[in-house]
Amino acid sequence: MTEATVPGTGTDAGPRLGARYAMPSGWRVATLVDARAESRTARTLVLDVPDWPGHLAGQHLDLRLTAPDGYTAERSYSIASAASGTAPSVRVEITVQRVPGGEVSGYLTDAFAVGDAIEVRGPVGGWFVWSPVHDAGRPVLLAAGGSGVVPLVSMLRTRRDAGDRTPFRLVYSVRRPEDRLYVDELARRAEDGLEANVAFTRAAPLDARRAPGRLTLAELGAWGWPADIEPACFVCGPTGFVEAVSRTLVALGHDPACVKTERFGPAVD
Amino acid sequence: MSTLTPGFQGRPRPQGVALPPGQYVEAGFPVLSAGPTPRVDTNTWRLDVVTESGDTRSWTWPDLMALPQDEPTVDIHCVTRWSKFGTTWRGVSLDTLLADVESTADFAMIGSYGGYTTNVPVAELLGGKAWVVHTFDGAPLHPVHGGPARLLVPGLYFWKSAKWVNRITLLPMDEQGFWERLGYHDLGDPWREQRYQGD
C-alpha cells in the first residue's frame, strides 16, 4: 500500500466508498505491549498490530478472542489513539470498560497480559470520523456519555498531533467522578484550547458547580456551540444518552445532518 | 505463533450450532415472497448503481460475469425464524461493484425487478459482507430464490437479501423499503434479534 492510499493522510483521500469502508479481509495477530488503568473499571490496552493499514480518528476495530477449544468471541472497540498511517508495525490503543457479567471485557481488563496475542481486524467505520485534513477549521462539539469518550479522545489526540487549532468543545457525562477516563490528559488538552465541561449524573465531587443530574438543554446550549455557526457535532455513548443529546441538539437548532452519532449498549460488551 | 488470548474461556457454548436468538435450524430452503415471481431474462438484465448526485453506473449480465467472482459459504437467517447453515453461493462482491463509486452516502435502497425494495446501510454492504449472487449450491439461481441474481447479505435477516436485484440507490438519509414500511426493522441484525421496528 502506498502512502497516498492511507485514509486521511493522502492527497487523494476523497469520498471513494472503497477507501472509506474498505476493511482488510484478514485478521492480524496483535500483541499486547503495554497496558494501564484508566479508572477502577477501565483499562487501556496498547496493541502492536503488524501491517496496520492506518485509521481515522473515530474509527473502531474488531477483536477476536479464542478459547482453548476453538470457541471464539468477537467484539468491536473504538480506537483511542490518534489517527495513524500505514506502517509495518503500529501501536494502536483501545480503552476497555469492564461490563458486569461481560464475556469479553472482564478478560481484557483483568486477565489479558502484556506479551499475550489477540486477533485484530480493522479499522472499521467511515462516518463517525474527524480528520484535520478534511475537517479543519469548522468548530467541533464532542458529546460523550461514559466510555463513549474513547473515539472522541482519538479526535483530540489527532488534533494535537496535527498541530491543528480547530476550536473543540467537549461535554462529558459520567455517573460518578471515579468513572471519568483520561482525567489528566483532558486537563492537559485545555492547554491546546480544548474547552471541556463534565456533567456528573449520579454523584458529583464536592467542588462541583452543579447538582448531579442529566445534561440539560441549557447546558448543552451553553457548553456547545451556537447552531448558526454550523459546528460538527459528534455524540457517542449508550443509546439513551445518544438519543437524548442528539434530540436536544436538533431542538437547539442544529441541522440533523451535522450531528453524527455512535451508539453502544450492553449488547456490545 | 503464540497462543491467542491465553486463559480466555468465554460463555457456555451454544448447543452445537451458532444460532441467533429465536432461530431454529432448517435443512430445506423455504421461499417467502411478497408477490408473483418475476421472470427476468439475462439478455435484458441490468444492475444500476445510482449515487446521491444522480450519477448512474450500469452492469449488463456479461459485465457481471466478467468481474472477479467470489464463492461465499455463509449461514442465512430468515426473520420467520429459520436459519440455514453453510449455504454456498457464487457472485460478485459489492466491494468490487462499489469500490470506485463516488459517494458519501451511508444508506442504500435496494430495488428489484417486481418493485421490491429494502433499505440497507452502506456499511453492511461493504467490507466483505455482501454480494450479488447468481449461483446457489452449484446451479444457476432459481427464480423463486431470486434468480437470475439476488443480493446476499448474510449478516442481516434474509429479507434484506433482495431477490431479483436490479438497482442500488445510494442515499444520504435512511429511507424505508417494502417490509420496513410494514413494521420490520430498518437494520435487521439476527444476532440482536432486530425483527421489527423498535426491537
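Numbered from 1 within each chain, the chains take letters A, B, ... in sequence-line order.
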Practice task
Kindly say whether A:T66 contributes a backbone atom to a donor-acceptor pair with the side chain of B:T5 at under 3.5 angstrom?
Solution key: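 Pair found, side chain donor or acceptor close to backbone of A:T66.
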Handout entry: Shortest non-hydrogen separation from B:G10 to A:E103 and the atoms involved
Key =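 The pair with the smallest heavy-atom distance is CA-OE2, 3.3 Å.
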Handout entry: Closest approach of B:P6 to A:A117 (non-hydrogen atoms, all atoms of both residues)
Key =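 Answer, listing the atom of B:P6 first, then A:A117: CD-O, 4.4 Å.
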Exercise for the section: Kindly compute the distance separating CZ (B:F8) from CZ (A:R64), expressed to the nearest 0.5 Å. Expected result: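 Answer rounded to 0.5 Å: 12.0 Å.
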Handout entry: A:R43 CZ: over 12 foreign heavy atoms closer than 6.0 Å
Key =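 Buried by this count: over 12 neighbours within 6.0 Å.
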Problem - Those residues that, when tested against B:F158, pass ring-ring contact (aromatic ring centres under 6.0 Å, His included) (two or more places apart) - result: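 Testing B:F158 for ring-ring contact (aromatic ring centres under 6.0 Å, His included), a comparison that skips the adjacent residues, returns none.
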Handout entry: Residues that A:W130 engages under ring-ring contact (aromatic ring centres under 6.0 Å, His included), provided they are two or more places apart
Key =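 ring-ring contact (aromatic ring centres under 6.0 Å, His included) check on A:W130 returns A:F168.
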